[in-house]
Amino acid sequence: MACSALPSPPIHQQLNPPPPTPTHPQLLTLLKSPKTPTQLKTLHAHLIKTSLTHNHLFQGQLLLCCNLSNSPAYARRVFDTVPNPTQFFYNAMIKCYSENDHHKEAIELYGQMRSCSVNCDSFTFPVVLRSVGSLRWRGIGEEVHGYVVKMGFGGLVIANTALIDMYCCCGMWSVGRQVFDRIGERVKDVICWNTMIAGYVKNGNFLSAKELFDEMPERNVSSWNTVVDMYGKCGDVGMARRLFDEMPARDVISWNAMISGYVHGGRFSDALELFRMMQGSDVKPNEVTVVAVLPACGHLGALDLGQWIHSYIKRNRVKMDVYVDTALIDMYGKCGSVEDARGVFDNAEMKDTFLCSTMIEVLAMHGKAEEAFGVFNYMRRTGIRPSNITFVGLLKACSHVGLVDIGVEYFGMMSKDFELVPKVEHYGCLVDLLGRAGHLEKAYETIKSMPMEPHPIVWGTLLSACRIHCNVKLAEEVALHLIELEPQNCGHYVLLSNIYSKAGKWNEAAKLRKIMKEKGVMKKPGCSSIEVDHSVYEFFAGDCIHPRRKEIYEMLDKIITRLKSEGYSPKTSSALHDVDIDEKEQALLYHSEKLAAAFGLLNSNHKTPIRIVKNLRICDDCHVFMKMVSKYFGRSLIIRDCNRFHHFKDGSCSCCDYW
DNA sequence: ATAGGGTTAG
């Protein structure tokens with residue numbers, strides 16, 4: 001065909017002709033930085049076009065580039081085109097596997113390398129040992145150890161350090177210690193000490209870890225970080241903090257370990273406080289910091305701070321990964337802002353099982369079952385495999401709105417369509433779903449037919465259902481069993497007592513209270529928190545230590561007087577005690593969520609909702625109270641109890657009184 | 001030839 005017959009190309013193509021094939025030096029430079037899978041293909045194509053695919057130098061660089069780009073599968077395709085791979089190619093390919101969590105493949109290739117009689121060098125072993133440790137393949141580890149010695153690398157600190165780490169990962173810390181003790185004193189460096197200490201920590205041998213830390217001739221920041229983290233994990237946050245304060249210099253890992261320690265120990269306010277201190281230090285938070293601190297915001301319902309962290313992430317270009325997105329979704333959800341959680345979900349670049357499950361759980365908590373099902377359908381459409389956690393979320397979504405049939409269907413789907421075995425928590429959800437909807441017998445049958453030992457929580461779920469449906473007889477049976485299982489758990493007594501009170505059985509309620517006293521079981525105090533001006537305030541039932549208590553109680557009394565004139569009468573059946581009506585009313589009137597609500601009305605802007613987090617379930621009376629506040633004070637209130645969210649607006653609640 | 005090994009935070 002004559003070229004002249006073709007119309008001239010559009011103007012933009014004339015201005016941007018296709019890029020010329022890169023020259024050899026340009027190609028080499030291009031191969032030195034990470035590439036997307038598509039870019040990798042293009043580069044590979046260039047190599048083929050210029051007949052460089054069989055040039056060892058370029059093949060080698062391409063293989064390294066695949067590792068840089070985290071593409072082990074593509075790397076393997078390149079590797080397989082090399083006729084007789086040299087030590088260099090094996091080392092690069094094994095490393096690529098190991099660094100991308102393809103440990104089995106890394107070890108297999110190491111085996112192939114040896115069977116092809118390609119020599120390993122001192123660089124091969126640490127990489128292979130890391131994969132062995134990750135898989136905890138003891139036998140292989142010992143075999144590699146033998147080969148390390150045979151090849152004459154038994155005296156190298158680095159090889160020995162890798163061996164120590166491998167043995168400790170495999171649970172063989174005493175063998176690790178033997179390797180450690182045999183390292184010559186003159187070459188024993190700080191890293192092999194750190195590895196041994198961390199090895200003890202991995203195996204739960206905290207005493208030996210601390211002993212070795214104390215014996216160290218010199219320490220670096222990692223040594224300190226390891227022990228700070230250890231004390232945080234084993235529950236001695238006080239000691240962790242002492243070491244944190246004592247260490248000569250702190251890096252971002254030090255701060256992260258300490259913040260995580262606080263969160264792990266349930267000391268959320270301390271975690272936030274430390275995060276604030278970090279702002280004043282010379283260390284910048286990174287993505288691990290925000291993943292550690294966001295759950296603390298979530299627990300406390302600190303939405304303002306959570307939002308601040310979200311914008312901090314954007315402003316400071318903190319690396320956004322799927323963990324950060326998941327932590328944000330969880331935080332927004334727990335702080336009562338489903339819309340923001342949904343926004344993060346929709347914009348998330350990478351969506352995996354964990355992120356989707358978190359979104360489903362959040363929607364479930366807020367009673368948005370349909371939307372939760374929608375996310376599940378999205379997972380099916382896009383091939384994201386649901387996990388056990390996904391189904392916990394779906395089942396909770398069903399039980400919060402009473403969709404019994406759909407819930408039962410999801411339960412069946414687990415094993416039928418996804419090869420997932422329902423665990424005790426799934427049975428718990430099923431019991432909740434059935435019990436709440438009034439099918440108490442079926443719920444009881446479910447517990448009896450469970451293939452595993454029913455956890456006390458499952459019985460507790462049935463007991464709550466008995467409360468909702470006023471079934472005293474079944475409640476007694478279940479509660480007696482529960483009290484036998486957990487005699488010190490106040491919740492069981494309180495629940496049964498509430499059921500008696502609700503049924504008007506004051507004598508029984510009183511008897512139970514006496515038993516509690518005799519056994520020394522303390523009632524867990526109700527506690528509510530509210531965030532005002534970036535600070536979190538906590539209230540306890542009948543709180544009389546708050547600095548502004550006078551003002552708060554006056555406000556609460558004003559609210560109550562107003563609500564009473566609109567027909568509010570405290571629902572005394574929620575009260576635990578068998579006392580005369582007045583006293584009972586008093587106990588109810590000062591529940592912590594009411595105090596928090598009064599504080600919120602006093603201190604916040606009319607346009608924003610009042611957000612409260614409560615540690616126990618909200619009681620019937622407080623539920624009525626909040627509905628009325630939302631109506632007669634024209635404020636919306638968002639309350640999270642230990643189970644779910646209640647959004648109060650214009651006199652009604654998002655749970656439709658089904659909770 | 002080519003790159004490259006061991007410790008600590010979610």
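Below, read A as the first sequence line, B as the second, and so on, with proteins coming before strands; counting in each chain starts at 1.
Ring geometry for A:Phe645 against A:His366 counts as parallel: the plane angle stays under 30°, on a 0 to 90° scale with 60° as the upper cut. Taking the six-membered ring where tryptophan is involved, the planes of A:Phe268 and A:His299 are essentially parallel, since the angle between them stays under 30° and well short of 60°.
In the set B:dG4, B:dA3, B:dG6, the nucleotide with an atom closest to the side chain of A:Gln61 is B:dA3. Nearest to the side-chain atoms of A:Val127 among the listed nucleotides B:dG5, B:dG10, B:dA9 stands B:dG5. When each of B:dA9, B:dA1, B:dT7 is scored by its nearest atom to the side-chain atoms of A:His56, the top-ranked nucleotide is B:dA1. In the set B:dT8, B:dG10, B:dG4, B:dG4 carries the atom at the smallest distance from any side-chain atom of A:Lys95. Comparing B:dT7, B:dA9, B:dA1 by their closest approach to the side chain of A:Ile253 singles out B:dA9. Distance from the side chain of A:Asp121 is smallest for B:dG4 among the nucleotides B:dT8, B:dG4, B:dG5.
Straight-line distance from the CG atom of A:Leu28 to the P atom of B:dA1: 16 Å, rounded to whole Å.
Taking 3.5 Å as the limit, the base of B:dG6 and the side chain of A:Thr195 contain no donor-acceptor pair of atoms between them. A:Asn194 contributes no side-chain N or O that forms a donor-acceptor pair with the base of B:dG6 under 3.5 Å. On a pure distance criterion of 3.5 Å, no polar donor-acceptor pair joins the side chain of A:Asp165 and the base of B:dG5. Side-chain atoms of A:Asp189 and base atoms of B:dG6 include a donor and an acceptor less than 3.5 Å apart. With hydrogens and angles ignored, a donor-acceptor pair closer than 3.5 Å exists between the side chain of A:Asn286 and the base of B:dA9.
In this structure, A:Phe88 forms an aromatic stack with the base of B:dT2, since both conditions hold: centre separation below 5.5 Å and plane angle below 30°.
To the nearest 0.5 Å, atom CG of residue A:Asp330 and atom SG of residue A:Cys297 are 10.5 Å apart.
A:Asn55 comes within contact range of no nucleotide atom at all, as no heavy-atom separation falls under 4.0 Å.
With contacts defined as side-chain heavy-atom distances shorter than 4.5 Å, the pair A:His103/A:Ser98 qualifies.
Listed pair A:Lys202 / B:dT7 fails the phosphate criterion, with no side-chain N or O lying under 4.0 Å from OP1 or OP2.
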